[in-house]
Number of protein chains: 2
Amino acid sequence: MKVSTRGDYASRALLSLALHANGSVPTSVRDIAERTALPQPYLEQILLALKGAGIVRSKRGVGGGYVLARSPSEITMAQIVSAVDGPIAAGDFGEPHQDGACDHEGQCALLALWSEVGELLRTRLSSYTLADMVLRASGSQISAQ
Amino acid sequence: MKVSTRGDYASRALLSLALHANGSVPTSVRDIAERTALPQPYLEQILLALKGAGIVRSKRGVGGGYVLARSPSEITMAQIVSAVDGPIAAGDFGEPHQDGACDHEGQCALLALWSEVGELLRTRLSSYTLADMVLRASGSQISAQ
DNA sequence: TAAAACCTGACTCATTTGGTAGGCTATTGC
DNA sequence: GCAATAGCCTACCAAATGAGTCAGGTTTTA
């Protein structure tokens, strides 16, 4: 699957939004970039992708910015990563062909393995929500919205 | 980590060696390429990397070729993949800094997550050996050449 | 001694990654 | 209604990676 910087940056940005959650008052890209020390124009693209995936909502104009579209406990790390880095998988060979034979020896067994590993990744990343990360990040303090 | 074609090809080649194990009679690259339908010159590089990692041994000259360096039950999928695709990790940001604080909010928590996921991958891929794959491969279908 | 096999390194060609630049459009405060 | 703010969109770019190919060694051994 390979989490690229996009996946990491997206997580950092959303985590920042969750940490400073303030009702439905949007946070500007500039503020997020400042708090996370990420390059602003790049972050803009990433937030756009997150918006496309329905993870975040935006408001334009003065006083605009981004807000989480759902509560942090309803946003999984898997959703974040796959929104910006594409589907979570171990590699991108096709699916194991079930119907009968493989083209070549052992191929099917390996495809099944890669597929299984991808599933494992997906499951694990789905088991963590943004809320969990907020807890981890702030240690003991709970900053719910 | 992203298993590239190299990881898949390396596995296919070694699986082929394991399936046609014949004492210590080496198999030539050409034969392996033929059986697995992989591009021969590319496969040559991959086998070289596997040799460098000590997974395979080679014999030169007429009648030369490659042999597994150990029994299939002592070769894990993690060893194969990391030999040709580099260390198994979820992404390549640094290690989580333990000693006190992160540079920016939440960063540490995320680094810890990526690291944990990488560990999960490594563990799972280490739990399968070539011998397991041989079983899987010959269990599901006829291994014709 | 020459064929079979391994080894080395450079080269290509396409795609992805990690950005930057710049203009457009919607919203709001005055 | 005008300008400032702030998101939106398109393009571009350089470097790295991925997936191979190719040419030319060197070593071994029948």
Side-chain angles (χ1 to χ4, degrees), chain A residues 1-13 17 24-53 55-69 81-87 89-94, chain B residues 1-13 17 24-34 36-53 55-67 69 81 83-87 89-93:
Chain A
M1 70 158 231
K2 182 63 179 310
V3 178
S4 69
T5 54
R6 306 169 83 87
D8 186 43
Y9 288 7
S11 306
R12 303 240 297 258
L17 278 183
S24 57
V25 178
T27 309
S28 71
V29 177
R30 203 184 31 179
D31 285 356
I32 302 175
E34 218 164 89
R35 292 202 301 242
T36 55
L38 299 177
Q40 190 195 321
Y42 192 29
L43 185 56
E44 222 168 277
Q45 299 180 10
I46 293 172
L47 283 167
L48 226 46
L50 290 173
K51 185 193 171 188
I55 294 176
V56 107
R57 266 200 313 268
S58 67
K59 184 164 189 302
R60 300 167 87 137
V62 177
Y66 285 94
V67 205
L68 295 180
V81 170
S82 59
V84 297
D85 274 333
D92 46 359
F93 331 106
Chain B
M1 68 157 230
K2 180 65 180 306
V3 178
S4 69
T5 54
R6 305 170 78 87
D8 186 43
Y9 288 7
S11 306
R12 303 239 299 257
L17 279 184
S24 56
V25 178
T27 309
S28 72
V29 176
R30 203 186 28 180
D31 285 355
I32 302 176
E34 218 164 274
T36 55
L38 299 177
Q40 190 196 322
Y42 193 29
L43 184 56
E44 222 168 274
Q45 299 180 7
I46 293 171
L47 282 168
L48 222 48
L50 290 173
K51 186 192 171 189
I55 294 175
V56 106
R57 266 200 315 267
S58 66
K59 186 165 186 299
R60 301 166 87 132
V62 176
Y66 285 94
V67 205
V81 169
V84 297
D85 273 334
D92 47 0
F93 330 106

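Numbers restart at 1 for each chain; the letters A, B, ... are given by sequence-line order, proteins then strands.
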Quick one, which residues of residues 56-63 of chain B touch DNA chain D with a heavy atom under 4.0 Å?
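Within residues 56-63 of chain B, the residues near DNA chain D are Lys59(B), Arg60(B), Gly61(B).
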
To the nearest 0.5 Å, how far apart are [atom1] in [X] and [atom2] in [Y]?
{"X": "Leu43(A)", "Y": "Arg6(A)", "atom1": "CG", "atom2": "CZ", "answer": "11.0 Å"}
{"X": "Gln40(A)", "Y": "Leu47(A)", "atom1": "CD", "atom2": "CG", "answer": "10.0 Å"}
{"X": "Asp92(B)", "Y": "Ser4(A)", "atom1": "CG", "atom2": "OG", "answer": "9.0 Å"}
{"X": "Ser58(B)", "Y": "Leu48(B)", "atom1": "OG", "atom2": "CG", "answer": "8.0 Å"}

For a side-chain contact (heavy atoms from CB on, under 4.5 Å) check, start with the C-alpha distance between Val3(A) and Phe93(B), then their side-chain angles and the critical distance, and finish with the verdict.
CA-CA 9 Å; Val3(A) 178; Phe93(B) 330 106; 4.0 Å; yes

Output the rounded distance in Å from [atom1] ([X]) to [atom2] ([N]).
{"X": "Arg30(A)", "N": "dT5(D)", "atom1": "CZ", "atom2": "P", "result": "8 Å"}
{"X": "Gln40(A)", "N": "dC8(D)", "atom1": "CD", "atom2": "P", "result": "13 Å"}
{"X": "Glu44(B)", "N": "dC22(D)", "atom1": "CD", "atom2": "P", "result": "13 Å"}
{"X": "Tyr42(B)", "N": "dG18(D)", "atom1": "OH", "atom2": "C1'", "result": "6 Å"}
{"X": "Ile46(B)", "N": "dA19(D)", "atom1": "CD1", "atom2": "P", "result": "9 Å"}
{"X": "Leu50(A)", "N": "dG7(D)", "atom1": "CG", "atom2": "P", "result": "14 Å"}

5'-most by nearest nucleotide on DNA chain C - Asp92(B) or Val29(B):
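With Asp92(B) and Val29(B) compared, the 5'-side residue is Val29(B).
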
Below 4.5 Å, heavy atoms only, C-beta onward: do Thr5(B) and Tyr42(B) meet side chain to side chain?
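When only atoms from C-beta onward are counted, Tyr42(B) and Thr5(B) do touch, with a gap below 4.5 Å.
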
Hey, mind stepping through Leu17(B) and Val56(B) against side-chain contact (heavy atoms from CB on, under 4.5 Å) and telling me if it holds?
CA-CA 10 Å; Leu17(B) 279 184; Val56(B) 106; 4.0 Å; yes

Quick check for you: name the first and last nucleotides of DNA chain C, 5' to 3', having an atom under 4.0 Å from a heavy atom of chain A.
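Range of nucleotides within reach of chain A: dG18(C) to dT28(C).
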
Exercise: identify the closest heavy-atom pair between Leu50(A) and Ala10(A):
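Taking every non-hydrogen atom into account, CD1-CB, 4.0 Å.
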
Closest approach of Ala49(A) to Val84(A) (non-hydrogen atoms, all atoms of both residues)
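Closest approach of Ala49(A) to Val84(A), heavy atoms only: CB-CG1, 4.1 Å.
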
Output yes when at least one side-chain N/O atom of Tyr9(B) is less than 4.0 Å from OP1 or OP2 of dG20(D), else no.
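Checking Tyr9(B) against dG20(D): at least one side-chain N or O falls below 4.0 Å of OP1 or OP2.
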
Would you say a side-chain N or O of Ser4(B) is under 4.0 Å from OP1 or OP2 of dA19(D)?
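Checking dA19(D) against Ser4(B), a side-chain N or O does come within under 4.0 Å of OP1 or OP2.
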
On the side chain of Gln45(A), is there an atom forming a donor-acceptor pair with the base of dT10(D) - under 3.5 Å, no angle test?
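There is none.
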
Under 4.0 Å, heavy atoms only, any strand: does Lys2(A) hit a base, just the sugar-phosphate, or nothing?
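Result for Lys2(A) = nothing.
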
